[in-house]
Amino acid sequence: MPLANTAIVLDFETTGLSPDMGDRAIEIGAVKIVDGKIVDNFQALMNPGRRVNSFIESYTGISNAMLAKAEPCEVVMQRFADFCQNFNLVAHNASFDKKFLDAEFKRINHHYQGQFACSLLLSRRISQQAPNHKLATLVEYHQLSTDGLFHRALADATMTGHLWLQQLSHIEQHCKKPLSFDAIMKLTRVPKAQIYRYLTQL
DNA sequence: TGCCAGGCCCTCTTTAGGGCCTT
């Protein structure tokens with residue numbers, strides 16, 4: 001049973017909010033965490049085969065000129081599949097990143113086997129006093145290390161990685177033992193009002 | 001034609017609506 005402190009934390013930049021509406025990934029960033037330490041990372045722009053709008057250029061700082069020089073999504077996603085193997089995955093608001101991961105992997109006929117946990121759902125349970133649960137707010141709230149760059153894939157994935165490790169540390173203070181990835185997945189489904197009682201029973 | 005995300009989660013709820021998050 002793999003522990004929660006070994007995982008790949010990833011983040012996509014995309015052309016929009018929904019692959020079902022035709023949106024594509026334009027950048028992926030990820031950090032590999034083994035035994036609670038970041039040991040490797042992955043970052044690549046990818047050419048979605050069409051232009052992105054000015055909002056996305058402004059929001060991410062990723063221009064159409066940058067994407068024109070990038071490898072196609074299919075090439076990058078194959079390299080990412082090799083990078084992530086079957087590590088369990090983490091993202092902030094994982095439902096968003098999972099639907100893009102699933103859509104891009106489907107295009108290259110790659111079948112991912114691991115689980116996908118969400119640092120946003122975890123934060124809503126174990127940091128209920130935080131002003132809100134946006135990634136940037138939580139980085140400041142928990143005083144996590146950051147290079148000040150936001151909305152680029154590797155920067156966001158790295159910050160989410162630090163957030164994930166902070167969350168695991170906080171949880172372990174309550175249950176007094178390292179938890180499996182599966183246990184954390186279950187924890188993100190426990191009703192908020194029951195979370196601390198649940199932790200002490202683990 | 002005109003519309004267009006969607007899962008989570010709370011509440012003035014469950015025969016629903018709206019804010020929070022992600023790009």
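Quick note on labels: first sequence line is chain A, next is B, and so on, each numbered from 1.
In terms of modelled atom types and a separation under 3.5 Å, the side chain of Asn47(A) and the main chain of Glu71(A) share no donor-acceptor contact. For Trp164(A) (side chain) and Ile8(A) (main-chain N/O), no donor-acceptor pair under 3.5 Å exists by modelled atom type. The main-chain N or O of Val190(A) is found under 3.5 Å from a side-chain atom of Arg125(A) such that the two form a donor-acceptor pair.
Of the C1' atoms belonging to dC12(B) and dA16(B), the separation is 11 Å, rounded to the nearest Å. With C1' as the reference atom, dC3(B) and dC8(B) are 24 Å apart, rounded to whole Å. As rounded to the nearest Å, dG7(B) and dT1(B) have C1' atoms that lie 29 Å from one another. Separating the C1' atom of dT14(B) from that of dC9(B) is a span of 14 Å, rounded to the nearest Å. To the nearest whole angstrom, the two C1' atoms, one in dT23(B) and one in dG6(B), are 13 Å apart. When the C1' atom is compared between dC20(B) and dT15(B), the two are found 25 Å apart, to the nearest whole Å.
Rounded to whole Å, atom C1' of dG6(B) lies 13 Å from atom CG of Leu121(A).
Salt-bridge check for Arg152(A) with Asp156(A): failed, with every basic side-chain N at 4.0 Å or more from each acidic carboxylate O.
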Under 4.0 Å protein heavy-atom contacts per nucleotide of nucleotides 18-23 of chain B, with B for base, S for backbone only and - for none: --BBBB

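Taking the six-membered ring for Trp and the full ring otherwise, the centers of His111(A) and Phe105(A) sit at least 6.0 Å from each other.
The phosphate of dC9(B) has OP1 or OP2 within less than 4.0 Å of a side-chain N or O from Arg125(A).
With hydrophobic clusters built from ILVMFWY side chains whose heavy atoms lie under 4.5 angstrom apart, Phe116(A) does not share a cluster with Met185(A).
At a threshold of 4.0 angstrom between heavy atoms, the contacts of Arg189(A) are confined to the sugar-phosphate backbone, with no base atom among them.
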